[in-house]
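Inspection log for the structure reproduced underneath, given as structure tokens.
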Amino acid sequence: MVLEKLGSSLYDAIKRMLRAPTVDREVVKTLIRDFQRALLQADVDVKLVFELSKRIEEKAFEELPPGISRREHLIRVIYDELTRLVGEKAQPLDLRPGTQNIYMLIGIQGSGKTTTAAKLARYLQKRGFKTALICADTFRPGAYDQLKQLAESIKVDFYGDPECRDPIEIARRGVERFRDYEAVIIDTSGRHKEEKPLLEEMRRIAEAVKPREVILVIDATIGQQAASQAKAFKEATEIGSIIVAKLDGSARGGGALSSVAATGAPIKFIGTGESVDDLEPFDPPRFIGRLLGMGDIESLVKRVKEAEVEVSERDVRAILSGKFTLEDLYGQLEAMRKLGPLRRIISMLPGFGYELPSDVFDIAEERLDKWRVIIQSMTPEERENPRILNASRIRRIARGSGTEERDVRELIKQYNAMRKMLKQLRGRRRLLRQLQRFRLG
Ligand SMILES: Nc1nc2c(ncn2[C@@H]2O[C@H](COP(=O)(O)OP(=O)(O)OP(=O)(O)O)[C@@H](O)[C@H]2O)c(=O)[nH]1
Ligand SMILES: [Mg+2]
């Protein structure tokens, strides 16, 4: 996961807020202070951190829309503000199918251009676009071989000329050769840290090949220093977009993302590893949701209130603690029913999503009534140790409770499924932690 440390610090701060008995000014202040510390540690610009803090503080105690709790409101505010910090909404690559779309990658030395060129080629080819790579890096020895090998490994057509010293000439020839391709990606040579020669070369090649987009590859490890590159770049070209590479394992990635976003230059992809598959479209709301480990926060937020109303911490405890016999089931049927909405929350948390069977906890009212009678017809021994329920006992219980044998069998089956489920849940300490975030104040 990218920016793991930032994500977990922010998440911890939110967790504390959710667990506070009431959300008052003191709680919000603490939350903001925790956020500030986490963001500054990720190298986010002080000014941006300050602005974010101010907005959260202002909005936290806005009048609540009807039917929305303070906690829910705060989660929304936090989520919106963090999303805004990295760019609001996803901005897809400008790609017009059926035409030749040329993408030119530029960036300072070692920023990740060549790797990213291959990643992007793979990404587009996988989506069905006829794709090719061109090596217009005539500066670094080995650049040609590096891209050629990458192109071969992902089976993308490639053009380059190790004999030729003129990048513009190579770019021109490559573009000509790949005339009927939909995505043609040009890798260029890395420049020194100054922005001027970088932008100059960009202009010269761009003039010659008329790219659909010029893409600046920024190394996330430089943190908020990315701002000046992004700013100069944005001013130099209308058709510029940005890929932030090396976001994996970079503690300063938050600084890179936020400072680039602040310039208004669109971040279209992020690089999240060294392999050709480690490229993903950058989608700020989704990114923040994942950063916070909250899955789909939009849906989650909708459920917070539901959980607040319907599931008390006592219920959760009752369900998740202690042994679970039919005797317990009897006392817990009601609480169990309330797991319905809770289950939907659990299913939205990453890592648990699809493991929960959908119907184990959905129990209809009438079945509950029936089960109550059935359990009452059992001996204490049977309730304590349902394993002893053999055919003749089941027959007796059905008769005694005025139900069918299959009702009794169904109850036993359901009980066993629940028991298994709960055993798994108890084993998941992380889940317990997640559940506690939703406890009631
Ligand atoms: N961890 C990680 N490493 C990356 C990523 N992108 C690139 N790298 C590594 O960064 C180093 C430089 O990558 P290149 O693609 O060669 O960079 P470049 O900008 O083409 O370099 P020059 O052509 O010399 O300017 C290589 O070791 C890559 O494996 C990424 O997203 N994550
Ligand atoms: Mg390169």
Side-chain angles (χ1 to χ4, degrees), residues 1-6 42-43 86 103-123 132-154 156 158-162 164-165 167-168 170-171 174 184-202 205 214-223 225-226 229-230 233 240-257 260 267-283 287 290-291:
M1 175 58 194
V2 295
L3 303 183
E4 199 156 345
K5 185 155 181 307
L6 174 61
D43 199 44
V86 296
Y103 304 103
M104 190 177 123
L105 268 54
I106 66 163
I108 62 170
Q109 265 169 16
S111 58
K113 292 173 296 301
T114 305
T115 315
T116 304
K119 288 177 180 178
L120 186 62
R122 179 157 176 87
Y123 178 88
L133 279 161
I134 298 172
C135 171
D137 179 355
T138 53
F139 177 76
R140 192 162 70 82
Y144 172 88
D145 289 328
Q146 185 192 1
L147 190 61
K148 186 165 185 281
Q149 273 168 23
L150 282 166
E152 278 164 7
S153 77
I154 56 175
V156 164
F158 168 79
Y159 177 76
D161 179 355
C164 178
R165 311 268 17 119
I168 296 173
I170 298 176
V184 177
I185 299 159
I186 305 175
D187 180 28
T188 65
S189 46
R191 291 289 151 172
H192 284 292
K193 293 202 189 307
E194 316 95 63
E195 283 123 25
K196 266 219 174 103
L198 180 72
L199 298 177
E200 193 41 47
E201 173 163 290
M202 171 188 94
I205 306 185
V214 181
I215 302 175
L216 175 67
V217 178
I218 291 187
D219 181 338
T221 58
I222 67 171
Q225 279 177 45
Q229 266 184 53
F233 176 66
S241 60
I242 289 179
I243 296 181
V244 178
K246 307 188 199 177
L247 208 55
D248 53 308
S250 161
R252 313 174 80 195
L257 284 178
V260 171
I267 301 171
K268 299 206 167 170
F269 292 90
I270 52 177
T272 57
E274 290 189 75
S275 117
V276 283
D277 286 311
D278 295 330
L279 182 79
E280 42 183 278
F282 185 59
D283 180 337
F287 181 80
R290 269 171 48 200
L291 182 72

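In what follows, every heavy atom counts, from backbone to side chain, and hydrogens, waters and symmetry copies are set aside. All of these numbers come straight from a predicted model, not from anything done at the bench. We count ligands from 1, going down the list as the structure has it; atoms in each ligand are counted the same way. All residue numbers in this chain count up from 1 along the given sequence.
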Flag side-chain contact, heavy atom, 4.5 Å: Arg122 against Asp277: yes
Thr114 contact mode with ligand 1 (heavy-atom cut-off under 4.0 Å): both
If you measure from each non-hydrogen atom of Asp137 to ligand 1, which part falls under 4.0 Å: side chain, backbone, both or neither? side chain
Would you say that Asp137 contacts Tyr144 through its side chain, given a criterion of any heavy-atom pair below 4.5 Å between the two side chains? no
Do Lys119 and Asp278 sit within salt-bridge range, that is, some charged N less than 4.0 Å from a carboxylate O? no
Can you confirm, on distance only, whether ligand 1 has an N/O atom lying under 3.5 Å from any N/O atom belonging to Ser111? yes
Quick check: does any side chain N or O of Thr188 sit under 3.5 Å from a backbone N or O of Leu105, one acting as donor and the other as acceptor? yes
Scanning both residues in full, the closest heavy-atom pair of Ile170 with Cys135 reads CG2-O, 3.4 Å
Between ligand 1 and Gly112, is the shortest N or O to N or O distance under 3.5 Å? yes
Which of the ligand 1 atoms, numbered from 1, are nearer than 4.0 Å to a heavy atom of Gly190: 25 (O)
Taking C-beta and beyond as the side chain, do Asp187 and Leu133 meet within less than 4.5 Å on heavy atoms? no
Starting from atom 16 (O) of ligand 1, locate the nearest protein heavy atom and write down its residue, its atom name and how far away it is, to 0.1 Å. Gln146 NE2, 3.1 Å
Sole candidate of Arg252, Lys246, Gln229 that passes side-chain hydrogen bond (donor to acceptor under 3.5 Å, both in side chains) when paired with Asp219: Lys246
Is there side-chain contact between Ile205 and Ile106, with heavy atoms separated by less than 4.5 Å? no
Checking the N or O distance criterion of under 3.5 Å, is ligand 1 in contact with Ala245? no
Heavy atom of Gly273, distance to ligand 1 below 4.0 Å: yes
The protein heavy atom nearest to atom 10 (O) of ligand 1 is Lys246 CE, 3.2 Å
Looking at ligand 1, does Gly110 have a heavy atom less than 4.0 Å from it? yes
If you apply the rule side-chain contact (heavy atoms from CB on, under 4.5 Å), what do you find for Phe287 with Leu257, and how did you get there? CA-CA 11 Å; Phe287 181 80; Leu257 284 178; 3.6 Å; yes
Quick note on ligand 1: atoms under 4.0 Å from a heavy atom of Thr115 include exactly 7 (C), 13 (O), 14 (P), 15 (O), 28 (C)
Is the Mg ion (ligand 2) less than 2.8 Å from an N/O/S atom of Ser189, whether that atom is in the backbone or a side chain? no
Do the side chains of Ile242 and Phe282 get nearer than 4.5 Å, heavy atoms only? no
Enumerate the atoms of ligand 1 whose separation from the nearest heavy atom of Gly271 is less than 4.0 angstrom. 31 (O)
Residue, atom and distance of the protein heavy atom nearest atom 1 (N) of ligand 1 read Asp248 OD2, 2.8 Å
The atoms of ligand 1 lying under 4.0 Å from a heavy atom of Thr272, numbered in the order shown, are 31 (O)
Side chain, backbone, both or neither: which applies to Lys113 and ligand 1 if a contact is any heavy-atom pair less than 4.0 Å apart? both
A student comparing Arg140, Gln109, Glu274 should find that the heavy atom closest to atom 23 (O) of ligand 1 comes from Arg140
Under 3.5 Å between some N or O of ligand 1 and some N or O of Thr188? no
Of all heavy-atom pairs between Ile218 and Ala226, which one has the smallest distance, and what is that distance? CG2-CB, 3.7 Å
